[in-house]
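Numbers restart at 1 for each chain; the letters A, B, ... are given by sequence-line order, proteins then strands.
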Number of protein chains: 2
Amino acid sequence: MSLRHAIMVDLWREDGTGYEIAKRFQEGFGFSWKASHPQIYTELKKLTDLGWVEFKKVEQEHKPAKKIYTLTEDGLEALKEWIDTPVDIAPIRDAFLIKMAAGSLATPKLFLEEVRERKVISDEKLKYFKKIEEVMQKETGKGNPEVEFPFLSLRAGILTFEAYSHWFDEVIEYLEGL
Amino acid sequence: MSLRHAIMVDLWREDGTGYEIAKRFQEGFGFSWKASHPQIYTELKKLTDLGWVEFKKVEQEHKPAKKIYTLTEDGLEALKEWIDTPVDIAPIRDAFLIKMAAGSLATPKLFLEEVRERKVISDEKLKYFKKIEEVMQKETGKGNPEVEFPFLSLRAGILTFEAYSHWFDEVIEYLEGL
DNA sequence: GGCGTCATGTAAAAGGTTACATGATTCC
DNA sequence: GGAATCATGTAACCTTTTACATGACGCC
């Protein structure tokens, strides 16, 4: 049940509508979670029933009304409790690694194309992360845990995407030499 | 629907019972997929109905009868087709990264403990991967695609777990200095 | 006229986990 | 006596995705 807590952390950092949360999550939410909008609306309703979040309805002209959600005191307590409880290690489920293991069954040209595309996308993400890193390092509040922890979370993304980048190079080198 | 293809790749590499496939998958199946036994038995039934795998029933003394599954010709064709079709990039869903982003809400002692435990487990896995790597490098058939592709798949595991190892060091250094 | 953005949701289907069920053997 | 290994499966539940549904505005 980590979606619940991912939403709570997101709201803890900044209030927002379901729509805004969904947008942040589609881009990977601080590089750590992915979720779609129906999932988020459903979970926000459950969290409201629990009293862990609450919302203010805001009418808008020329736009549909929106609900701005906030984490409650109870929600913050529940979140702290969750953070102090160890979580399971995330299972690896990457279909591309299955394909790699059976790469000898692939049409080499198509496979090389897919690898190259992946490297481009992966490197773009890495570049984006590094840009954020730079901004964070210049930020006032350096040394402040509320800046340092998200920074470390970002570092996980940077280090893993750097690893991917090197891996793609190894794969491309092999495929080009075939 | 990657579980299906993960099972097919597994059977393509070596015939086996549902029980054996489940065992390999619990350990991460070549570091790329995780699945539980009810899921595998269910999928094997579907694959049998499709004619993509078949089994021989083998009676055993002092042990329950077992079904040894094999990939069929049709199954191999379907697998090749899948491999030539690009797959989506795997979403990141790591609850621990959520916790990291909100680490300032944690009880430092408990958090540091969890990170240290994770580093130990992660480094053990890395050591295990590196042992396999060594064995593979000495293997006859070096240069053979059926050895090289699984090797590259393993390399993905090694590079990402090395990245994790460095990341844990960064995190531990910060937490110890708090 | 169609697409993208803002903004909410419901419903059905697919994918995955956990609990239940059985039963013999071997090892501590 | 209890736990682990081998070997199969079903059923209930939870999680996630995809499709459906609505509606106004601005842009090309």
Side-chain angles (χ1 to χ4, degrees), chain A residues 1-8 11 15-29 32-50 53-69 87-95 98, chain B residues 1-8 11 15-29 32-50 53 55-69 82 87-95 98:
Chain A
M1 237 200 294
S2 298
L3 169 65
R4 168 163 301 180
H5 301 99
I7 291 173
M8 288 199 278
L11 286 177
D15 292 357
T17 65
Y19 185 85
E20 284 164 345
I21 299 169
K23 241 189 358 180
R24 290 176 230 163
F25 274 61
Q26 253 144 30
E27 288 306 300
F29 171 62
S32 53
W33 206 266
K34 206 226 134 208
S36 59
H37 85 264
Q39 225 187 333
I40 286 162
Y41 284 119
T42 309
E43 194 59 44
L44 280 171
K45 192 173 178 309
K46 287 183 200 165
L47 280 166
T48 307
D49 291 345
L50 279 164
V53 304
E54 55 188 21
F55 62 85
K56 281 175 276 184
K57 203 165 185 176
V58 178
E59 301 292 336
Q60 300 178 103
E61 273 182 74
H62 313 302
K63 271 183 195 174
K66 61 183 180 183
K67 296 177 179 174
I68 298 170
Y69 286 89
V87 286
D88 287 344
I89 287 163
I92 296 171
R93 265 200 200 106
D94 189 342
I98 301 169
Chain B
M1 236 200 294
S2 298
L3 169 65
R4 170 164 301 180
H5 301 99
I7 291 173
M8 287 199 278
L11 287 177
D15 292 356
T17 65
Y19 184 85
E20 284 164 346
I21 299 170
K23 239 188 2 180
R24 290 176 230 163
F25 274 62
Q26 254 144 30
E27 288 306 301
F29 170 62
S32 53
W33 206 265
K34 206 226 135 208
S36 59
H37 84 266
Q39 226 186 333
I40 285 161
Y41 285 118
T42 309
E43 194 59 46
L44 280 170
K45 192 172 179 308
K46 287 183 198 164
L47 280 166
T48 307
D49 291 345
L50 279 166
V53 305
F55 62 84
K56 280 175 276 184
K57 203 166 185 177
V58 178
E59 302 290 338
Q60 300 177 103
E61 274 179 76
H62 313 304
K63 271 184 195 174
K66 63 182 179 182
K67 295 177 179 176
I68 298 171
Y69 286 89
W82 177 74
V87 285
D88 288 345
I89 287 164
I92 295 170
R93 263 200 202 105
D94 189 342
I98 302 170

Are [X] and [Y] close enough that some pair of their side-chain heavy atoms sits under 4.5 Å apart?
| X | Y | result |
| --- | --- | --- |
| A/Leu50 | A/Arg4 | yes |
| A/Glu43 | A/Ile21 | no |
| B/Val87 | B/Trp82 | yes |

Look at all strands and tell whether A/Lys67 reaches a base, only sugar-phosphate, or nothing, counting heavy atoms closer than 4.0 Å.
->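 Sugar-phosphate contact only.
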For B/Thr42, report the nucleic acid contact type (base, sugar-phosphate, nothing); a contact means any heavy atom under 4.0 Å.
->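 The residue B/Thr42 makes no contact with any strand.
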State, to the nearest 10°, the angle formed by the axis through the first five base pairs of the helix from C/dG1-D/dC28 to C/dC28-D/dG1 and the axis through its last five.
->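 Axis angle across the helix from C/dG1-D/dC28 to C/dC28-D/dG1, nearest 10°: 30°.
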A/Val53 to A/Leu44 - nearest heavy-atom pair and separation =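 Residues A/Val53 and A/Leu44, closest heavy atoms: CG2-O, 4.0 Å.
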Heavy-atom protein contacts under 4.0 Å, nucleotides 15-28 of chain D, coded B base, S sugar-phosphate only, - none = SSBBB---B-S---
May I have the distance from B/Phe25 (atom CZ) to C/dT17 (atom P), rounded to whole angstrom?
->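 B/Phe25 atom CZ is separated from C/dT17 atom P by 12 Å.
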Inspect the surroundings of CG in B/Asp49 and state if more than 12 heavy atoms from other residues, nucleotides or ligands are less than 6.0 Å away.
->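 Above 12, so yes.
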Distance-only, no hydrogens or angles: does the B/Arg93 side chain make a donor-acceptor pair with backbone N or O of A/Lys34 under 3.5 Å?
->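 Yes.
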Main-chain N/O of B/Thr17 paired to B/Glu20 side chain as donor or acceptor, under 3.5 Å =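 A pair under 3.5 Å: yes.
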Criterion side chain to side chain contact (heavy atoms under 4.5 Å, CB included) on B/Ile7 and B/Phe25, from CA distance to verdict = CA-CA 9 Å; B/Ile7 291 173; B/Phe25 274 62; 4.1 Å; yes
